[in-house]
Undergrad: 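Here it is, the structure, as structure tokens.
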Amino acid sequence: MDNPYLQVISYVERIHRQFLEVVKLELEGFGIHDINNVQAMMLFNIGDAEMTVGELTLRGCYLGSNVSYNVRKMVENEYLAHERSVHDRRSIHVRLTEKGIKLRDSLTVMHRRHAEMLSQAAVSADDLQAAGVTLRRLERFWIRAADLVQRPQPLAPGSSSPAQPLFA
């Protein structure tokens, strides 16, 4: 593949999967088997905050589509506590339990250890900062690109051509 744009997309995906594999190995090293790597990172990203299940995706704590399943599993395994909002009974707030805080702290130690090891891999703080700037630019580009995508127009009732706007 000689297209740098496609290479970067591939790298981002592979790096993410490799990172999750490292988290999985860390969990195994801790002797933890009742939470998976994705749930552990979700828990780490929640941190000290208390938020609704809906906010987990809005705030970037979780990027997948099955947030409710993962929250339920973490509640069942006592990493998260949940309670209905007093103001909106449809809304459920979650926060880390003592068990969740302990795992979050272990993951914080893992991150610190990895950051200290970066110099052995010839990755400097400047390298990370430059990569972060580039990735944020790509994120903004993809957000704008998603807004510009031409979506197919719905078919007009009884027609084989797209519906015409009412006010053209």
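For clarity, every value in this text was computed on a predicted model and none was experimentally measured.
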Undergrad: So Met74 and Asn77, do their side chains get closer than 4.5 Å, heavy atoms only?
TA: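 No - every pair of side-chain heavy atoms lies 4.5 Å or more apart.
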Undergrad: Are Trp142 and Ile9 packed together at the side-chain level, in the sense that at least one heavy-atom pair is separated by less than 4.5 angstrom?
TA: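 Contact flag for Trp142/Ile9 side chains = yes.
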Undergrad: Please enumerate all residues that pass side-chain contact (heavy atoms from CB on, under 4.5 Å) together with Asn36, with sequence neighbours excluded.
TA: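 Val38, Gln39, Asn70.
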Undergrad: What pairs with Ala81 under side-chain contact (heavy atoms from CB on, under 4.5 Å), at least two apart in sequence or on another chain?
TA: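 Here the qualifying residues are Arg95, Thr97.
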Undergrad: Any heavy-atom pair between the side chains of Phe44 and Asp105 that's under 4.5 Å?
TA: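 When only atoms from C-beta onward are counted, Phe44 and Asp105 do not touch, as no gap falls below 4.5 Å.
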Undergrad: Could you pull out every donor-acceptor pair under 3.5 Å between side chains of residues 107-118 and any protein atom, sequence neighbours left out?
TA:
{"unit_1": "Thr108", "atom_1": "OG1", "unit_2": "Arg104", "atom_2": "O", "d": "3.0"}
{"unit_1": "Arg113", "atom_1": "NH2", "unit_2": "Glu26", "atom_2": "OE1", "d": "3.0"}
{"unit_1": "Arg113", "atom_1": "NH2", "unit_2": "Glu26", "atom_2": "OE2", "d": "2.2"}

Undergrad: Does any non-hydrogen side-chain atom of Tyr79 lie less than 4.5 Å from one of Asp34?
TA: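 Yes. Closest side-chain heavy atoms under 4.5 Å.
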Undergrad: Check the surroundings of atom CZ in Phe19: do more than 12 heavy atoms from other residues, nucleotides or ligands lie under 6.0 Å from it?
TA: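 It does: Phe19 CZ has more than 12 such atoms within range.
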Undergrad: Does some side-chain heavy atom of Leu56 sit less than 4.5 Å from a side-chain heavy atom of Met51?
TA: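 Yes. Closest side-chain heavy atoms under 4.5 Å.
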Undergrad: Does Glu78 have more than 12 heavy atoms from other residues, nucleotides or ligands lying within 6.0 Å of its CD?
TA: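 Open.
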Undergrad: Going by the rule side-chain contact (heavy atoms from CB on, under 4.5 Å), which residues pair with Ser124 if we only count those two or more places apart in sequence or in a different chain?
TA: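 For Ser124, the residues satisfying side-chain contact (heavy atoms from CB on, under 4.5 Å) (neighbours in sequence not counted) are Asp126, Asp127.
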Undergrad: Mind checking what makes side chain to side chain donor-acceptor pair (under 3.5 Å) contact with Lys73, not counting sequence neighbours?
TA: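 Once residues adjacent in sequence are excluded, the partners of Lys73 under the side chain to side chain donor-acceptor pair (under 3.5 Å) criterion are Glu76.
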Undergrad: Please list, chain by chain and in numerical order, all residues satisfying salt bridge (Lys or Arg N to Asp or Glu O under 4.0 Å) with Glu55, sequence neighbours excluded.
TA: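 If we apply the salt bridge (Lys or Arg N to Asp or Glu O under 4.0 Å) test to Glu55, skipping adjacent residues, the hits are Arg59.
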Undergrad: Between Glu98 and Lys102, does any side-chain N to carboxylate O distance fall below 4.0 Å?
TA: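 Salt bridge between Glu98 and Lys102, a charged N being under 4.0 Å from a carboxylate O: no.
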